[in-house]
Amino acid sequence: MLLVVNLVEAVLPGAFPAWMRVEMLFIAAMMAALAATSFRAHRNSPGGRR
């Protein structure tokens with residue numbers, strides 16, 4: 001959910017300075033990468049398959 005909030009805030013015109021928008025996009029990208037890695041690790045673990 002926080003990922004979506006960061007993306008929405010980053011695209012709002014004139015709401016935040018450019019450096020803050022870049023930071024929000026970077027954090028959103030890191031969160032997406034962590035979520036994908038976690039999902040893959042869970043799916044590939046022996047306990048993750050049911």
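- Closest heavy-atom contact between N6 and A28: CB-CB, 4.2 Å.
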- Message: For L7 and L25: C-alpha separation, side-chain torsions, deciding distance, then whether side-chain contact (heavy atoms from CB on, under 4.5 Å) applies.
- Response: CA-CA 6 Å; L7 290 174; L25 290 173; 3.9 Å; yes
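- Between the side chain of S38 and the main chain of L34, no donor-acceptor pair closer than 3.5 Å is present.
- Heavy-atom contacts from other residues, nucleotides or ligands closer than 6.0 Å to CZ of F39 number 12 or fewer.
- Between E9 and F16, the shortest heavy-atom contact is O-CD1, 3.5 Å.
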